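Please read the structure below before turning to the comments.
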Amino acid sequence: MSQSLAVAGTAAGPVAELALTGDLSRPARLTVSDLLAWPQHETEVSFECATSGIQRHRFTGPLLHDVLTAAGPGFDPARRKERLRFLIAVSGRDGHHALLSWAEIDPDFGRAPVLLAVTIDDSPLDGPGPQLVLPQDRCGARHISGISAIRVDGGYLL
């Protein structure tokens, strides 16, 4: 798993990067190429888009949980309840945002197969950047295209 430290240039222009930040022991800047180092999962998704109706696509990419676990979230993995206070904020280059809980993607809790897609319908996402894909969502509002940042935050205590 390489971690890009600067935007790499190509003949077609800069390669999109996403920044992993927050309560992580190993924050990183990752490209689609970097995300190919993780095991790839494929899913066919059908969701309702408010502007263009029903969308059907096939996505491939690593699980969000795998990528964030490799970045070293700031909790003791043996203490299940400690994980429950962590939130994941995802931002896209187009200004769209989504918020997930760690429990939603954790195999001990919700086990949602959320992807950081590197392809859509067999087309690579190198230029626009990875896409957040939530196969379990009926509505496509949390599918974030061109992810620019993912922030993990465990500071939410009541």
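Predicted, not measured: the structure shown is a model, and the values here were computed from it. In this chain, residues are counted from 1 in sequence order.
From T31, atom OG1 reaches atom CG of D34 across 3.5 Å, with rounding to the nearest 0.5 Å. To the nearest 0.5 angstrom, L30 atom CG is 11.0 Å from L36 atom CG. A distance of 9.5 Å separates CD1 of I120 from NE2 of H143, quoted to the nearest 0.5 Å. Separating the CG atom in L116 from the CD1 atom in I147 is a distance of 5.0 Å, to the nearest 0.5 Å. Separating the CG atom in L87 from the CG atom in L99 is a distance of 5.0 Å, to the nearest 0.5 Å. Distance check: S148 OG to L18 CG gives 8.0 Å after rounding to the nearest 0.5 Å.
Looking at heavy atoms from C-beta onward, I150 lies out of side-chain contact with V67 at the 4.5 angstrom threshold. Side chains of L68 and L20 form a contact here, defined as non-hydrogen atoms less than 4.5 Å apart. Side-chain contact check for L63 versus I105: every heavy-atom pair is 4.5 Å or farther apart.
Connectivity analysis of hydrophobic side chains (ILVMFWY, heavy atoms under 4.5 Å, direct or indirect) links L84 to F109.
Looking at residues two or more places apart in sequence or on another chain, you find a side-chain contact (heavy atoms from CB on, under 4.5 Å) between H96 and D94, I144. With sequence neighbours left out, the side-chain contact (heavy atoms from CB on, under 4.5 Å) criterion links A19 to T21, R29. The salt bridge (Lys or Arg N to Asp or Glu O under 4.0 Å) search around D106 returns R83, not counting sequence neighbours. Residues satisfying the salt bridge (Lys or Arg N to Asp or Glu O under 4.0 Å) test with D137, not counting sequence neighbours, are R142. Looking at residues two or more places apart in sequence or on another chain, you find a ring-ring contact (aromatic ring centres under 6.0 Å, His included) between H65 and W102. Taking T119 as the reference, T60 meet the side-chain contact (heavy atoms from CB on, under 4.5 Å) condition, with sequence neighbours excluded.
Nearest approach of W38 to P62, heavy atoms of both residues: CB-CB, 3.4 Å. Contact between R93 and A16 at its shortest, heavy atoms only, is NH2-CB, 3.6 Å.
Sorted by first and then second residue, the salt bridge (charged side-chain N to carboxylate O under 4.0 Å, His left out) pairs with a member in residues 110-120 form an empty list; sequence neighbours excluded. For residues 113-134, no pair satisfies ring-ring contact (aromatic ring centres under 6.0 Å, His included), with sequence neighbours left out.
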Tabulate below the donor-acceptor pairs under 3.5 Å that side-chain atoms of residues 72-80 make, not counting sequence neighbours, or state none.
| unit_1 | atom_1 | unit_2 | atom_2 | d |
| --- | --- | --- | --- | --- |
| D76 | OD1 | A78 | N | 3.0 |
| R79 | NH1 | E82 | OE1 | 3.4 |
| R80 | NE | D108 | OD2 | 3.4 |

Side chains of residues 50-57: which donor-acceptor pairs under 3.5 Å do they make with residues two or more places apart or in other chains?
| unit_1 | atom_1 | unit_2 | atom_2 | d |
| --- | --- | --- | --- | --- |
| S52 | OG | Q55 | NE2 | 3.1 |
| Q55 | OE1 | H57 | NE2 | 3.3 |
| Q55 | NE2 | S52 | O | 3.3 |
| H57 | ND1 | D121 | OD2 | 2.6 |

Can I get a per-line list of side-chain donor-acceptor pairs under 3.5 Å for residues 122-135, giving both atom names and the distance, sequence neighbours left out?
| unit_1 | atom_1 | unit_2 | atom_2 | d |
| --- | --- | --- | --- | --- |
| D122 | OD1 | R58 | NH2 | 3.2 |
| D122 | OD2 | R58 | NH2 | 2.3 |

